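Structure, as structure tokens:
Source: prediction; values computed, not measured. Along the sequence shown, residues are numbered consecutively beginning with 1.
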Amino acid sequence: MKIPFFRSLRFKVGVGYVFLVVINVLLTAWAIYNFTGLTQSTNILLTENFPKMISLENMARSVERHENALSLVLNQDLPNGRLRFNEAKYEFTRNFQIAEKDSGQPDLALILSDISATYAGYLLVADSLFLTADGGDYGGAKTFYYDRITPFSKRLIDNCFWLLEENQKMLQIVARETRTTSDEASLAVLAASLIAVSLSIVTMLQFTKRIIEPAERLTETVHQIGRGRLDLKLDIVTNDEIGELSREFNKMTERLRRYEEMNIQKIISEKNKSETIVESIADAIIVCDADCRIQLLNQSAVDLLQVSEADAIGRPADEIIRDPRLKGILRSGDESAIRDEPYLSFRYRNKTIYLRPRLTLIPSRDREERGGTVLVLQDVTLYKEIDKMKSDFMATVSHEFRTPLTSINMGVDILRQRLLGPLNPEQEELLAGSKQDCERLTKLVRELLQLSRLEAGKIEVRLEPFDVAGAIESTLQPLKLPFQEKGVELAVVNEAGLPPLTGDEQQFSWVVSNLVNNALRHTDAGGKVEIRSSRDNGAILVQVRDTGRGIPEDQLEKIFDKFVQVKAQQVATPGSVGLGLAIAKEIVELYGGRIWAVSTVNRGSTFSFSLPLSPKVTA
């Protein structure tokens with residue numbers, strides 16, 4: 001519905017502005033009128049009376065200059081005296097004309113007339129003095145000066161000062177009138193200002209009452225509706241845009257209320273469905289909000305944590321969960337915490353179970369913040385048991401392989417040494433192939449036995465300090481020839497002043513040798529392999545970098561598992577079944593260290609492992 005213009009906010013605001021503008025214009029005009037009168041009075045004071053005062057003072061001084069000129073004549077300096085007298089005469093006449101101009105006061109005109117007559121007589125007797133002096137009778141001139149001229153000069157000076165006093169009186173009168181005009185103008189402007197301010201206040205009060213207050217009520221009601229109070233109604237009944245807005249807003253809230261009532265059952269149904277799905281999952285599920293407060297637990301999580309669901313909901317996870325590993329995962333909200341501990345062991349119903357944590361972040365409207373976390377603890381106990389059975393089986397098979405392999409290897413060596421008779425070339429070739437197969441099987445059995453001992457915790461742990469740089473140099477010494485034969489550069493960079501590392505030097509060398517051999521195997525001729533050692537926050541960090549083919553990103557997490565190999569068919573190595581990195585990981589973690597890899601396809605890989613200076617042996 002279109003609102004008439006005279007009822008609209010635009011019209012009301014415009015009227016208010018116009019009213020204020022009219023008040024300001026009237027106040028300005030009134031002030032200009034009063035200050036114009038004040039300016040005129042000031043101009044009269046300065047332009048009419050002040051020059052007269054100056055001219056009267058100059059007239060009195062010129063009379064004194066007349067007397068000084070006559071004194072020169074009496075002192076027999078007639079030429080200079082006549083010249084000075086004429087100059088004083090010119091000055092007196094000029095100032096008298098200024099004083100005589102626009103003199104409308106009768107008293108002043110009378111005084112000026114007397115000054116004019118006296119000055120005329122003064123000039124006549126002065127001419128007589130000049131004639132007497134021209135005749136050379138200076139004695140008579142002096143007598144004539146004191147008898148005839150002195151009365152005229154005295155009367156003339158008295159009249160000048162009398163006229164000056166009269167003008168000063170008139171100037172004081174004009175000053176009082178100007179001050180009175182100024183006071184009247186100030187009072188008038190002050191009164192007009194007070195009236196303008198009062199009218200402005202009344203206008204603003206009306207503006208506030210008709211526009212601001214309805215807008216504030218509308219804003220407050222909107223805030224409450226935004227907080228869920230959909231039953232509120234606006235009671236603004238004005239005929240302007242705010243009134244129209246309030247009526248439309250009431251219609252909108254009514255529709256929202258009906259929509260909420262219609263959809264609340266759907267929301268409850270979806271919530272119940274989600275909770276039922278979560279409860280039906282056998283794995284433990286923990287849901288937390290952005291402040292790490294527990295929002296949801298399924299029955300498996302309640303049994304695992306041994307808490308009550310009613311007591312846990314809404315409380316911080318740190319208060320409910322006692323296991324520090326789960327606290328760290330939920331608090332960090334980062335998958336790196338899971339990578340550090342891929343499997344968690346728990347005592348549950350008198351047996352040890354293994355859980356694999358999976359962390360998922362709940363999206364938020366603000367992408368820079370997380371909306372919450374979902375932690376799923378997948379039961380992998382069965383897989384761990386199968387893995388243990390596989391390891392036990394491989395250990396048993398390895399033990400069983402050792403004796404026949406030793407016998408076969410000895411038999412092949414005896415035949416190749418021709419202790420039982422000569423061999424033809426075909427027999428030599430068959431025995432050479434058999435010898436290589438025996439070596440491959442022997443290496444496989446040795447690695448399987450070492451891995452089984454590491455996993456079973458039966459490996460011998462030696463904690464002796466050794467020099468890291470020296471151990472690396474001794475490890476690389478037998479590998480320099482293979483590097484030279486393949487044409488790959490080998491570089492070693494050891495940080496100066498490395499402290500000794502406590503541990504088993506032989507096992508440390510085995511890890512370094514395995515990583516360097518892998519780097520050589522996957523680096524083409526002309527490439528480079530670099531070994532670096534440095535201090536890293538209370539630990540020793542060793543890095544093996546190569547410029548080889550690299551490892552795909554999706555394979556980086558798998559390369560440290562058993563029997564996993566990531567290599568091209570053309571670089572397959574006989575006797576390698578993917579146990580080297582798994583053994584290296586077991587050795588590093590045995591001493592409380594960590595091993596990881598970073599790689600880019602076709603640009604190379606970096607294998608790193610860190611060992612603490614004071615190891616925490618986990619065997």
**OP:** Decide if atom CH2 of W162 counts as having more than 12 heavy atoms of other residues, nucleotides or ligands within a radius under 6.0 Å.
**Re:** no

N/O donor to acceptor pairs below 3.5 angstrom from side-chain atoms of residues 119-133, sequence neighbours left out:
from: Y119; atom 1: OH; to: H66; atom 2: NE2; distance (Å): 2.9
from: Y122; atom 1: OH; to: E67; atom 2: OE2; distance (Å): 2.6
from: S128; atom 1: OG; to: L124; atom 2: O; distance (Å): 3.3
from: T132; atom 1: OG1; to: S128; atom 2: O; distance (Å): 3.0

Rounded to the nearest 0.5 Å, how far does [atom2] of [Y] lie from [atom1] of [X]?
| X | Y | atom1 | atom2 | result |
| --- | --- | --- | --- | --- |
| W596 | F609 | CH2 | CZ | 9.5 Å |
| L611 | S533 | CG | OG | 12.0 Å |
| Q295 | C288 | CD | SG | 7.5 Å |

**OP:** Report yes if some heavy atom in the side chain of I285 is under 4.5 Å from a heavy atom in the side chain of L296; otherwise report no.
**Re:** no

Original post:
Do V374 and L359 come close enough that some side-chain heavy atom pair is under 4.5 Å?
Top reply: no

Exercise: identify the closest heavy-atom pair between [X] and [Y]:
| X | Y | answer |
| --- | --- | --- |
| T547 | G527 | OG1-CA, 3.4 Å |
| E495 | R535 | OE1-N, 3.4 Å |
| S610 | L541 | CB-CD1, 4.3 Å |

Without swapping roles, check the side chain of [X] against the backbone of [Y] for a donor-acceptor pair under 3.5 Å.
| X | Y | result |
| --- | --- | --- |
| D546 | S605 | yes |
| D77 | G81 | no |
| R293 | G314 | yes |
| T118 | F152 | no |

**OP:** Go through the steps to decide whether E530 and V493 satisfy the test side chain to side chain contact (heavy atoms under 4.5 Å, CB included), and finish with yes or no.
**Re:** CA-CA 8 Å; E530 181 182 80; V493 180; 4.1 Å; yes

**OP:** Applying side-chain contact (heavy atoms from CB on, under 4.5 Å) between R315 and each of V307, I294, I320, report the one that passes.
**Re:** I320

Original post:
Can you list the steps and then say if F144 with D137 is a side chain to side chain contact (heavy atoms under 4.5 Å, CB included)?
Top reply: CA-CA 11 Å; F144 184 79; D137 186 8; over 6 Å; no

